[in-house]
Amino acid sequence: MARCEIFDPDEVAIAHVYTRVCRRCFLLGDDPFSGKNFDHRKVWIEEHLQQFAAFFGIDLLGFSILSDHFHLILRSRPDIVATWSDEDVARRWLMLCPHKQVRDIALSRIV
């Protein structure tokens, strides 16, 4: 089902989004299986959430990061996205998915 069938792209929508980790991985806290502490990831995750929200034209209203999952409260901003030019959209896409050089692709196949 396409997103446009779930949310009207021209109307503001608020959504609760959550995801869980797999394979007993830990986002934060002490991993009882490996003995490692992953609390250093909290600042990194918070910074990326804010950055990604701006790239996608959404507001991050709230979030909760737990050891094995996180919750986000998001609000779409069609009013802001409507002001973006094609160049703005392309620039945002390239910031998220930078263009790889031919040399980088060749090296990734070797490694």
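Only heavy atoms go into these numbers, but all of them, side chains included; no hydrogens, no water, no symmetry mates. In this text, all values refer to a predicted model and were calculated from it rather than measured experimentally.
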message: Minimum heavy-atom separation for Ala54 and Arg92, please, with both atom names.
response: O-NH1, 2.7 Å

- request: With the side chain counted from C-beta on, respond yes when Leu49 and Glu46 share a heavy-atom pair under 4.5 Å apart, and no when they do not.
  value: no

query: Is the number of heavy atoms from other residues, nucleotides or ligands under 6.0 Å of Phe55 CZ greater than 12?
result: yes

- line: dist Phe52:CZ -> Met95:CE (nearest 0.5 Å) comes out at 10.5 Å

query: Hey, quick one: are Ile80 and Val89 part of the same hydrophobic cluster, counting side-chain heavy atoms closer than 4.5 Å, chains of contacts allowed?
result: yes

task: Would you indicate whether the side-chain heavy atoms of Phe56 and Leu96 approach each other to under 4.5 Å?
output: yes

CG-CG distance between Leu74 and Leu60, expressed to the nearest 0.5 angstrom: 6.0 Å

task: First locate atom NZ of Lys42, then atom CD1 of Ile45, and finally report the distance between them rounded to the nearest 0.5 Å.
output: 9.5 Å

- prompt: Out of curiosity, does Phe63 fall in the hydrophobic cluster containing Val17 (side-chain heavy atoms, cut-off under 4.5 Å, transitive links)?
  reply: yes

task: For the residue pair Arg77 and Ile58, establish whether any side-chain heavy-atom pair is separated by less than 4.5 Å.
output: no

Over all atoms of both residues, closest heavy-atom pair of Pro78 and Pro9: CB-O, 3.2 Å

message: Tell me if the CH2 atom of Trp93 is crowded by more than 12 foreign heavy atoms within 6.0 Å.
response: no

- request: Kindly work out whether a path of hydrophobic side-chain contacts (I/L/V/M/F/W/Y, heavy atoms less than 4.5 Å apart) joins Val21 to Phe70.
  value: yes

- prompt: Taking the side chain from Asp59 and the backbone from Leu61, do they hold a donor-acceptor pair closer than 3.5 Å?
  reply: no

- prompt: If Ile, Leu, Val, Met, Phe, Trp and Tyr residues are connected whenever their side-chain heavy atoms lie under 4.5 Å apart, and connections chain through other members, are Leu94 and Trp84 in the same group?
  reply: no

query: His71 vs His69 aromatic rings, parallel, tilted or perpendicular, using cut-offs 30° and 60°?
result: perpendicular

- request: Report the distance from atom CH2 of Trp44 to atom CG of Leu28, rounding to the nearest 0.5 Å.
  value: 11.0 Å

